[in-house]
Number of protein chains: 2
Amino acid sequence: MIKTTEDDTTTYHHGNLRHRLIESALEMIDESGAAGLTLRGIAKRAGVSHTAPYRHFPDKEALLAAVAREGVSLMLSEISARLERAKGDALARFSVCGLAYIDFAIHHPAHFRVMYASPQKGVAVPEDLKPESSPVFQMFIEVITECWNLGILRGENPYRIAISAWSLVHGFSLLVIDGHLQGEALDAGSLESMKRGLLYSLYAGIRGKNGPGGIQPPAGNA
Amino acid sequence: MIKTTEDDTTTYHHGNLRHRLIESALEMIDESGAAGLTLRGIAKRAGVSHTAPYRHFPDKEALLAAVAREGVSLMLSEISARLERAKGDALARFSVCGLAYIDFAIHHPAHFRVMYASPQKGVAVPEDLKPESSPVFQMFIEVITECWNLGILRGENPYRIAISAWSLVHGFSLLVIDGHLQGEALDAGSLESMKRGLLYSLYAGIRGKNGPGGIQPPAGNA
DNA sequence: ACCTGAACACCGTTCAAGT
DNA sequence: ACCTGAACACCGTTCAAGT
């Protein structure tokens with residue numbers, strides 16, 4: 001009688017442990033925040049000894065890098081899908097980028113936090129995980145460049161516009177998921193209107209009728 | 001002969017240990033990032049046993065709260081000083097708020113990080129450390145309300161304008177201090193012009209001449 | 001291949017003890 | 001008052017050992 005490995009599933013993970021560890025990490029971040037994230041805790045949640053993760057990742061940081069990469073591709077696919085539906089309308093595509101970025105942060109806060117965590121002082125960030133190198137930022141630049149070429153958006157260059165828009169949605173996303181907003185930003189309804197108001201304030205400006213129109217931008221900001 | 005306590009300074013800290021611990025924490029964050037911050041390390045840097053901090057703070061979190069409070073009052077005083085110099089010019093005062101916020105983050109990244117760290121999931125944030133309750137945010141609201149009443153700034157209400165402006169400068173600050181910007185944002189010169197371009201893009205908007213003017217804001221965003 | 005337990009140098013926190 | 005060392009339950013990581 002030849003021994004089968006069928007019920008090893010109860011003790012072994014047969015290669016899906018890697019994914020299960022990433023999943024566990026995300027669950028733990030959602031429950032207790034990124035600060036309390038523990039490699040031993042991840043292993044325990046995955047039902048495995050605390051050294052098992054080292055078969056799949058050289059260290060804790062590598063596991064987090066895998067989480068970040070998953071986040072990038074998830075964000076890319078979600079934004080792409082919504083961009084597809086706005087084909088032909090360049091300005092709508094610009095809005096979609098901003099709105100989808102915020103929505104991703106709100107719906108996947110654990111992924112978002114890992115993606116944009118402050119890098120450790122000593123360790124080098126892998127090139128593909130630098131935000132400006134990510135396909136998401138490249139997509140932003142493309143969409144903005146399209147608008148800029150059509151004269152729909154204005155600014156010194158597409159990169160500068162991207163920095164303004166990115167700063168805006170990045171800051172808002174963090175304020176929301178960190179719970180730093182308390183005023184009107186409580187219910188989902190006003191959050192929705194704040195999201196659109198945010199993008200609109202950047203697009204149309206917040207200059208009032210009595211505001212000076214001739215204020216000079218810093219460096220020929222056309 | 002009566003024993004003096006004069007050279008206890010070498011072993012004791014005589015009440016200034018509390019401040020020395022805060023200082024040490026800031027130095028450690030600057031050197032190795034907020035993630036690697038260790039109560040034992042702070043104590044060692046202050047030249048004291050690893051339990052000495054408990055004479056001044058009930059736990060690690062309380063020490064960080066003290067750092068955050070110091071940061072808030074420092075930010076408040078720096079912004080106030082620059083606001084004073086812009087007396088009479090409401091719009092300039094608005095710009096000063098944004099620029100000084102970014103400058104504070106860049107010049108005091110350790111304070112800034114602790115002030116806006118994601119709160120632990122379980123623990124309650126002290127009321128005076130909630131960003132919207134802080135005197136800094138109150139000052140923003142006052143300056144914006146002044147502009148709004150004069151018709152210099154436009155929006156549904158001052159709070160909404162504050163959220164847009166805060167999101168913008170908060171996001172940019174984090175992208176800079178986290179090293180997430182790589183393109184033009186390297187040298188100090190372009191950083192200076194980016195800061196002003198950022199504020200200008202919110203003030204004047206990024207709508208181009210070929211952009212539709214009649215786009216509706218979300219909810220009667222006047 | 002994949003997983004385990006013991007071991008190491010670290011954590012935060014507590015507590016009895018020292019001046 | 002202010003500080004100390006030992007002790008506890010945790011960390012991340014390594015390594016010899018098991019199937």
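In the text below, chain A, chain B and the rest are named by the order of the sequence lines, each starting its count at 1.
Residue B:Arg20 contributes atom CZ, which lies 18 Å from atom P of D:dC2 at whole-angstrom precision. Rounded to whole Å, atom P of C:dC11 lies 18 Å from atom CG of A:Leu39. When rounded to the nearest whole Å, the span between OH of A:Tyr54 and P of D:dC11 equals 12 Å. Rounded to whole angstrom, the span from the NE2 atom of A:His50 across to the P atom of C:dT4 amounts to 10 Å. Across the protein-nucleic acid pair, B:Met28 atom CE and C:dC10 atom P stand 13 Å apart, rounded to whole Å. As a whole-Å value, the separation of A:Leu21 CG from C:dC3 P is 9 Å. Computed from coordinates, the A:Ile42 CD1 to D:dC10 P distance equals 17 Å when rounded to whole Å. Between the C1' atom of D:dT13 and the NZ atom of A:Lys60 lies a distance of 12 Å, rounded to the nearest Å.
Candidate nucleotides C:dC15, D:dC3, C:dA6 were compared by shortest atom distance to the side chain of A:Thr51, and C:dA6 ranks first. Each of D:dT13, D:dC2, C:dG12 was ranked by its minimum atom distance to the side chain of B:Arg55; first place goes to D:dC2.
The side chain of A:Thr38 contributes an N or O atom lying less than 4.0 Å from OP1 or OP2 of D:dG12. Between C:dC3 and A:His56, a contact under 4.0 Å exists linking OP1 or OP2 to a side-chain N or O.
Looking at every heavy atom in both residues, A:Glu61 comes nearest to A:Val123 through OE2-CG2, 3.6 Å.
Each of A:Ala52 and A:Arg40 was assigned the nucleotide of DNA chain C with the nearest heavy atom; the assignment lying further toward the 5' end belongs to A:Ala52.
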Under the side chain to side chain donor-acceptor pair (under 3.5 Å) rule, what do A:Glu78 and A:His108 come out as? Steps first, then yes or no, please. CA-CA 11 Å; A:Glu78 292 195 358; A:His108 308 284; 2.9 Å; yes
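The nucleotide C:dA17 finds no pairing partner, because no Watson-Crick or G-U wobble arrangement with both distances shorter than 3.5 Å includes it. The pairing partner recorded for D:dC10 is none, the criterion being a Watson-Crick or G-U wobble arrangement whose two distances lie under 3.5 angstrom.
Residues B:Phe137 and B:Tyr101 place their aromatic rings such that the two centres sit no closer than 6.0 Å.
By the 4.0 Å N-to-carboxylate-O rule, B:Asp178 lies close enough to B:Arg113 to be salt-bridged with it.
A:Val169 places a side-chain heavy atom less than 4.5 Å from the side chain of A:Leu199.
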